[in-house]
Amino acid sequence: MNERIYFDNAATTAVRQEVIDAMLPYYSKEFGNPSSIHNYGTTAAQAVSESRQTLANVINARPEDIYFTSGGSESDNWAIELAACNKKGKHIIISRIEHHAILRKCEAMKEKGYDISVIDVDEWGVVKLNELIKAIRKDTILISVMTANNEIGTIEPIERIGRIARANDILFHTDAVQAFAQIHINVREMNIDMLSACAHKLHGPKGVGLLYAGERVKMKPMIYGGMQENGARAGTENVPGIVGFAKAAKLSIDGYNERIRRILYLRNYLISRIMSEVPFVRLNGHPTNRLPSNANFSFQFVEGESLVILLDLKGISVSSGSACSQGDTNPSYVLSAIGVPQDMAYSAVRLTISEDTTKNDIDTAVEAIKEVVAELRSKSSMYNSLMRRR
Ligand SMILES: *Cc1c(COP(=O)(O)O)cnc(C)c1O
């Protein structure tokens with residue numbers, strides 16, 4: 001077997017050929033700088049402007065509220081900074097399962113005198129709304145809760161959080177990197193003041209993202225310099241990247257229902273095969289209210305990392321925990337937050353599919369997982385002594 005199968009679409013995705021085709025002219029023939037007033041410049045500026053409109057439409061935003069960035073991490077960092085300079089208070093509320101771009105930025109804010117309330121999630125990974133409400137103070141400036149989690153796929157009640165934030169005159173930011181153009185988001189209906197997204201999680205290029213910052217947010221530059229992005233983020237635009245981002249989002253939205261239905265069917269097929277054919281397994285995250293592409297399992301008596309390596313030898317790419325914590329020896333903080341016991345957290349493996357995934361890919365993966373799990377368990381003294389006692 002030489003064909004490699006990719007089950008790590010939450011880490012990054014393959015760029016669509018149509019996206020590459022849309023980007024290429026802006027590297028070669030239409031290489032202009034959008035700030036130039038000649039034809040090369042206006043052609044590039046036009047492409048950026050159309051892309052901004054396309055991406056704004058995805059979340060029902062005004063195009064002038066979309067700011068292009070280098071990706072999700074930058075957008076997350078910028079959102080926290082913006083809240084800090086928009087509002088007087090020194091208190092920020094986040095969930096325990098935010099991406100490191102939020103968690104570590106908030107750690108840094110503590111050094112500047114900010115107080116961070118970290119709200120627990122339930123056993124499925126849903127943020128505890130009653131605790132969130134209790135945490136609100138007079139000096140709370142921001143609530144930041146992700147739209148959907150990158151490890152376990154759980155979708156958060158962002159519409160309700162938006163309502164709570166608005167009623168208390170607090171800014172609401174959501175990290176929608178995993179959810180953008182994957183699940184329905186309407187920044188107006190959901191009272192979202194700021195939102196982060198990036199291209200490379202939806203079959204677009206790496207290194208380009210956006211921050212939506214609505215009319216309630218007064219902008220402060222992320223980068224000082226020229227007047228790009230309304231003066232809020234200086235530097236010549238990543239024109240091909242921006243065009244690719246918009247094309248990827250458009251492809252995601254076109255034929256959305258058909259595509260999601262298919263991904264959901266395959267993901268559910270994967271979950272039902274694993275749960276029924278592998279003993280001592282647990283599904284991590286919400287049983288139903290999760291991203292259609294995400295499955296996350298713990299295989300008891302098996303080390304997730306070993307499973308990842310052995311599956312890789314068989315040409316199957318999966319992930320243990322999130323890509324960003326690879327090399328970290330602690331178990332996933334997300335799994336700890338949903339109460340997965342430490343040994344089961346070490347046993348976790350995430351499979352995230354895409355529209356490129358076939359039923360045959362899933363059958364191949366399930367067979368390989370069954371084989372490798374059995375092999376690893378045969379070497380586990382805990383597993384063997386349990387079997388002897390039975
Ligand atoms: C991938 C990811 C990010 C980081 O985005 P980059 O574009 O890689 O910087 C942030 N938040 C979530 C939830 C992600 O999955």
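Atoms within a ligand are numbered from 1 in the order they appear, just like the ligands themselves.
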Can you list the ligand 1 atoms lying under 4.0 Å from a non-hydrogen atom of [X]?
X      : answer
Ser73  : 4 (C), 5 (O), 6 (P), 9 (O)
Val177 : 1 (C), 2 (C), 3 (C), 10 (C), 11 (N), 12 (C), 14 (C), 15 (O)
Met146 : 13 (C)
Gly72  : 5 (O), 6 (P), 7 (O), 9 (O)
Lys201 : 1 (C), 2 (C), 3 (C), 14 (C), 15 (O)
Gly71  : 7 (O)

Taking N or O atoms only and a 3.5 Å limit, does [X] qualify as a polar contact for ligand 1?
X      : value
Asn150 : no
Ala10  : no
Ser70  : no

Would you mind telling me if ligand 1 is within reach of the side chain of [X], the backbone, both or neither, using heavy atoms under 4.0 Å?
X      : answer
Lys206 : neither
Cys198 : side chain
Glu74  : neither

Item to complete: May I ask you to decide if the ring planes of Phe301 and Phe280 are parallel, tilted or perpendicular, using 30° and 60° as cut-offs?
Response: perpendicular
Item to complete: Tell me, please, which residues at least two apart from Tyr114 pass ring pair (Phe, Tyr, Trp, His ring centres under 6.0 Å).
Response: none
When you compare the side chains of [X] and [Y], does any donor N or O come within less than 3.5 Å of an acceptor on the partner?
X      : Y      : value
Thr154 : His286 : no
Tyr269 : Asp363 : yes
Asn284 : Ser298 : yes

Worksheet item: Are the ring centres of His100 and Tyr333 closer than 6.0 Å?
Response: yes
Fill in: Carboxylate-amine/guanidinium proximity below 4.0 Å for Lys247 and Asp21
no
Worksheet item: Can you pull the ring-ring contact (aromatic ring centres under 6.0 Å, His included) pairs that have at least one residue in residues 51-70, sequence neighbours excluded?
Response: Tyr67-Trp78
